[in-house]
Protein chains: 2
Amino acid sequence: MPPAEKPAAGRTRDAARTRAEILDVATAEFARAGFTGARVDEIAARTRTTKRMIYYYFGSKEQLFTAVLERAYAVIRGAEQDLDVEHLDPVAAIRRLAELTFDHHEAHPDFIRLVSIENIHEAEHIAASEKLSRLNWPAIDVIARILENGRDSGAFTADVDAVNLHAMISSFCFFRVANRPTFAALFGRDLLAAGERERYRAMLGDMVIGYLTGGASSR
Amino acid sequence: MPPAEKPAAGRTRDAARTRAEILDVATAEFARAGFTGARVDEIAARTRTTKRMIYYYFGSKEQLFTAVLERAYAVIRGAEQDLDVEHLDPVAAIRRLAELTFDHHEAHPDFIRLVSIENIHEAEHIAASEKLSRLNWPAIDVIARILENGRDSGAFTADVDAVNLHAMISSFCFFRVANRPTFAALFGRDLLAAGERERYRAMLGDMVIGYLTGGASSR
DNA sequence: TGAATAATGTACGAACTGGTTCGTTATGCA
DNA sequence: TGCATAACGAACCAGTTCGTACATTATTCA
């Protein structure tokens with residue numbers, strides 16, 4: 001997506017460009033059909049290069065999928081990075097953060113599909129990637145600090161840690177995108193309908209704030 | 001699982017038994033490897049019958065998967081059926097219903113995987129099944145009645161309908177099972193750890209009740 | 001300029017996979 | 001008892017799929 005990586009090395013013989021193009025196409029193909037369903041020949045065909053290059057750069061279908069995952073995660077980590085919500089009051093900060101997650105999931109359905117696929121495969125590619133098995137904590141750290149502020153000020157009463165709150169927020173956002181097809185087929189409701197977007201967004205925020213501030217009665 | 005379907009017709013030549021056995025093995029295989037990843041030969045091998053029988057009874061891999069889905073949904077619908085929570089007060093009833101969903105998802109990880117897989121395939125098998133595209137509303141109806149009671153009594157303040165509340169409850173339960181591998185790989189936390197089970201169960205209940213009863217501030 | 005090497009394309013093959021053909025055996029019923 | 005038919009099995013096939021061997025062209029740097 002950036003205009004040009006290098007000073008445009010000729011036009012043919014551009015390694016970085018070929019590599020990136022393969023990754024783009026592979027992302028779409030894996031998201032479309034799953035790991036086993038994806039066809040290497042199909043990826044090659046939609047590239048302006050050949051299957052040979054895929055193996056030249058990535059070695060195997062498996063490693064290609066891992067590279068796709070790595071890049072996809074890198075993108076979202078970038079987005080999570082530049083949210084400065086710590087100047088807001090805790091309640092507003094958490095709501096803002098939830099909305100950011102909401103927006104991001106909605107904007108990147110392919111990423112959600114890749115994660116679903118990776119879960120089917122027991123996260124073995126993530127486990128095999130050094131890049132991915134570390135660096136995922138910045139988002140968690142932000143939550144942790146907001147949570148601490150909120151507890152100090154007395155606004156938050158619930159007993160959660162940052163990782164579990166992250167799970168709660170993600171679950172709603174993830175479900176909405178990942179389970180859209182079956183939910184629509186079973187209940188006739190499109191969770192991604194444009195007209196209902198604000199409703200779900202508010203629902204998420206109310207849910208999280210309700211949980212954090214609620215007196216959680218009757219148990 | 002029932003002792004015998006028919007008066008045990010001989011031992012060989014038992015159509016119902018063969019059919020059921022194929023479905024059992026197919027469920028496990030599809031859940032393990034996804035639709036495309038599942039191997040018909042592998043299913044046949046783990047059965048005491050042959051691949052020929054799979055095509056004899058089900059016609060195609062696709063129809064077999066549909067049959068697997070149909071049976072899996074039938075099982076959970078059965079469980080949802082016999083919950084009588086309408087005599088409880090609305091708050092307790094919703095919490096009970098959420099816990100039931102929680103328990104059920106946890107107890108049937110294969111079902112969750114099948115649904116994930118079906119979502120990757122855009123729910124095309126559900127759409128193609130007459131059985132599945134109807135009958136899924138009993139659970140929704142129960143929620144709707146509880147919701148009405150709660151709103152009448154003033155206990156519930158949130159403006160949701162039954163389908164969306166169902167989505168909220170499901171999202172948390174579903175995520176916990178479906179995303180366990182990636183979540184563990186990225187954050188080192190096992191969402192299904194036995195020791196934390198009660199924590200998550202309470203978290204879900206508090207979340208839903210907090211949402212329904214909370215004054216949802218700051219927006 | 002002239003290698004050394006990075007990048008690329010073509011054609012191919014071995015293994016696998018969903019699905020079928022052909023034939024056999026048990027079973028219920030007249 | 002005998003026959004129609006449901007239930008079953010072994011071998012096979014055509015198409016596909018990941019991956020590679022071999023050949024070629026551009027680029028870089030001494």
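These figures come from a predicted structure and were not determined experimentally. Scope of the values below: all heavy atoms of this structure, side chains included, with no hydrogens, waters or symmetry mates. Throughout, protein chains are lettered first and strands after them, A, B, ... in sequence-line order, and every chain is numbered starting at 1.
- Atom CD1 of B:I22 and atom P of C:dG18 are 15 Å apart (whole Å).
- With rounding to whole Å, B:R19 atom CZ is found 15 Å from D:dA6 atom P.
- Residues A:R201 and A:E99 are paired through a salt bridge, judged by an N-O separation under 4.0 Å between the basic side chain and the carboxylate.
- Per the geometry, CZ belonging to B:R39 stands 17 Å off P belonging to C:dA15, to the nearest Å.
- Using a 4.0 Å heavy-atom cutoff across all strands shown, A:Y57 reaches sugar-phosphate atoms only and no base atom.
- Protein atom CD1 of A:I54 is 15 Å distant from nucleotide atom C1' of C:dA7, rounded to whole Å.
- OP1 or OP2 of C:dA7 has at least one side-chain nitrogen or oxygen of A:Y56 nearer than 4.0 Å.
- Qualifying side chain to side chain donor-acceptor pair (under 3.5 Å) partners for A:R113, counting only residues two or more places apart in sequence or in other chains: B:E122.
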Is there any protein nitrogen or oxygen under 3.5 Å from a nitrogen or oxygen in nucleotides 19-21 of chain C, and what are the pairs?
residue	atom	partner	partner atom	Å
C:dG19	OP2	B:Y55	OH	2.9
C:dG19	OP2	B:K61	N	3.0
C:dG19	N7	B:K51	NZ	2.9
C:dG19	O6	B:K51	NZ	2.4

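- Summarising the geometry, the separation between CZ on A:R48 and P on C:dG9 is reported as 11 Å, rounded to the nearest angstrom.
- In this model, the phosphate group of C:dG9 is approached by a side-chain N or O of A:T49 to a distance below 4.0 Å at OP1 or OP2.
- Atom CZ of B:F30 and atom P of C:dT17 are 13 Å apart (whole Å).
- Ring pair B:H125/B:F35: centre-to-centre distance below 6.0 Å.
- Within the 4.0 angstrom heavy-atom criterion, no nucleotide atom of any strand lies near B:A44.
- Rounding to the nearest 0.5 Å places CG of A:N119 at 7.5 Å from CD1 of A:I126.
- Residue whose closest nucleotide on DNA chain D sits further toward the 5' end, between B:M53 and A:A38: B:M53.
- Two residues are said to be in side-chain contact when any heavy atoms from C-beta on lie closer than 4.5 Å; A:Y200 and A:M203 meet this criterion.
- Distance, B:E21 CD to D:dA7 P: 15 Å, rounded to whole Å.
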>> One pair to check against side-chain contact (heavy atoms from CB on, under 4.5 Å): B:W137 and B:V163. What are the steps and the verdict?
In response: CA-CA 9 Å; B:W137 290 85; B:V163 172; 3.8 Å; yes
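- Aromatic ring centroids of A:F187 and B:H166 lie under 6.0 Å apart.
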